[in-house]
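Below you'll find the structure, written out as structure tokens, and then a few comments.
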There are 2 protein chains.
Amino acid sequence: MNQSKRYLDIVRDIRDMIRQEKIKPGDRIPSERELAETMQVGRSTLREALRSLELLGLIETRRGEGTFLSDYRNHKLVEVLSTFVLQDNQSHEDVWQTRQIHEMAAIQEICQNEAASQMKIWDSFRLRLEGESFQREDFVRELMVLSGNRLSLKIWFLLKQYSGNPYDGTVSSEEIDRMNDILTAIERQDADTAIRGFKAWSEWLQKERIRNGNYS
Amino acid sequence: MNQSKRYLDIVRDIRDMIRQEKIKPGDRIPSERELAETMQVGRSTLREALRSLELLGLIETRRGEGTFLSDYRNHKLVEVLSTFVLQDNQSHEDVWQTRQIHEMAAIQEICQNEAASQMKIWDSFRLRLEGESFQREDFVRELMVLSGNRLSLKIWFLLKQYSGNPYDGTVSSEEIDRMNDILTAIERQDADTAIRGFKAWSEWLQKERIRNGNYS
DNA sequence: AGGATATGAGTGGCCAGACCACTTTCAAAA
DNA sequence: TTTTGAAAGTGGTCTGGCCACTCATATCCT
């Protein structure tokens, strides 16, 4: 039954302990030496379990202080994904396309969300849009955030970097018009128009980058 | 300067080594003692790195044999992260939603692809569908593959496990009808209908799972 | 008395060496 | 030729130690 992989049992034990002792994110968990003794296991074995959990972002260790439970929401799923999903020669096209998938899904989600249309964020959004040196990336990131899907946001952020930061730079006056149209459509919860407008802007931007020689 | 944890450097070094030495999944990597010596670190430290990689499913260790580059299956990542993280409803919802985003994007992509509608795959697809013990997962995976986006496919595969393998089990006759409708719509390149049908099936499936007590 | 300083306990980071359990290999024995 | 078994190699684990760092406390000096 329990053949090999002691450290996996420890991972489970630690999880159970966290549940039972009601340890919350930010709280300190017992020291390595203490845990090793209560779990009847060598310190090195225990450390293997702890380091694994640390790599996943589930715990945080500070030398001289101790080990702390980190916020679950900061788990490294996406980062881990990137290390071995994006590791091999991934076609640029796939990365680009996947990023767009998340962007359009975000717009779709915002439009379907009743609450979003009621919010007063859109006016302030437009104000910042008109302001000095508004970054292209801010526009898209804002949409991703508003979709409310944090996982999608994280994936998007990584893909954005992998596809050569396609939104570098500030918006031109022409783009402001495009963005305004997109925002208007979103306000009306007209997802189709909004997505169509977004896609058009995205393609326009891509051509612009190529013309300026900004290959990724 | 380099006060970053040693074991993290090792994780990176091993990853680089795998790339440079062109080690493929299934291949054996040097023994722990050997690696420890070439990297000038203690064996226990090296093991911390290896166990972390193992928990992620990147490598696989067999006692008495050695350590092997994994073929990406059976990551404990899913198991560990889900038990730790998914106590949070929002995270759970995000995973579920993000997976659906990729699924629907795949359908959309297939419909927009001219070549796909010309292919003769649909007939054979239907044949297998009618066959004995057709797995739900096969249906969705096939769609993901046909979309041609390998990155999206990989992400989907992980998210699927992460959301409790929602497509476990074989299809019922009712589901076959639903799937046929979806395929027909795709053949006609009618993305809206196909996606609507897919979403309906997905929701039906979810209710079915809850009724049977198959919580993830 | 009050602020700076030294000290010591506690912690994680790391290492060396030692067994054990297991799989493979290959030569010796049947 | 087949079987057996010993040796080498590997991962799994434990022990004990030392280092670097943090923090609270006690101590010292002004």
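Proteins get letters first, then strands, A, B, ... in listed order; numbering begins at 1 in each. Below, each value reflects all heavy atoms present in this structure, side chains not excepted, and no hydrogens, waters or symmetry copies.
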Below 30° counts as parallel, above 60° as perpendicular, anything between as tilted: where do the rings of A:W201 and A:Y167 land? parallel

Between D:dC14, C:dG13, D:dG11, which one does the side chain of A:R6 approach most closely? D:dC14

Counting the atoms with a prime plus P, OP1 and OP2 as sugar-phosphate, which does B:G42 contact under 4.0 Å by heavy atoms, base, sugar-phosphate, or nothing? sugar-phosphate

Just how far, in rounded Å, is C1' of D:dC14 from CD1 of A:I10? 12 Å

What is the nucleic acid contact for A:S44, judged by heavy atoms within less than 4.0 Å: base, sugar-phosphate only, or nothing? base

Value in whole Å for how far the P atom of D:dG11 lies from CG of B:L50: 8 Å

Does any N or O donor sit under 3.5 Å from an N or O acceptor when you compare the side chain of A:R33 with the base of C:dG12? yes

Counting distance alone, no hydrogens or angles: does the base of C:dG13 have a donor or acceptor under 3.5 Å from a partner atom on the side chain of A:R43? yes

Phosphate-side-chain proximity, A:T67 and C:dG12, N/O vs OP1/OP2 below 4.0 Å: yes

B:E65 side chain: which of D:dG11, C:dT24, D:dT13 is closest? C:dT24

Are any of A:T61's side-chain N or O atoms less than 4.0 Å away from OP1 or OP2 of C:dG13? yes

Can you check whether A:E60's main-chain N or O pairs, donor with acceptor, with A:S70's side chain at less than 3.5 Å? no

Please report the distance, rounded to the nearest Å, between CZ in B:R51 and P in D:dG11. 9 Å

Between B:F68 (CZ) and D:dT10 (P), how many Å, whole number? 11 Å

What is the distance, to the nearest angstrom, from the NZ atom on B:K5 to the P atom on D:dC19? 20 Å

So, does A:S31 get its side chain near the phosphate of C:dG10, meaning an N or O under 4.0 Å from OP1 or OP2? no

Side-chain N or O of B:R28 closer than 4.0 Å to phosphate OP1/OP2 of D:dT10: yes

With a cut-off of 6.0 Å (strictly less than), are more than 12 heavy atoms of other residues, nucleotides or ligands near CD of B:E37? no

B:R62 side chain near C:dT24 phosphate (N/O to OP1/OP2, under 4.0 Å): no

Write down the distance between CD (A:Q40) and P (D:dT13), rounded to a whole number of angstrom. 15 Å

Closest to the 5' end of DNA chain D, once A:G64 and A:L46 are matched to their nearest nucleotides, is A:L46

Heavy-atom neighbours of A:F68 CZ exceed 12 at 6.0 Å: yes

Take the protein atom CD of A:E48 and the nucleotide atom P of D:dC14, then report the distance between them rounded to whole Å. 9 Å

In terms of heavy-atom contacts, B:Y7 and A:L55 come closest through OH-N, 3.8 Å

Within this structure, what is the CZ-to-C1' distance between A:R47 and C:dA16, rounded to whole angstrom? 15 Å

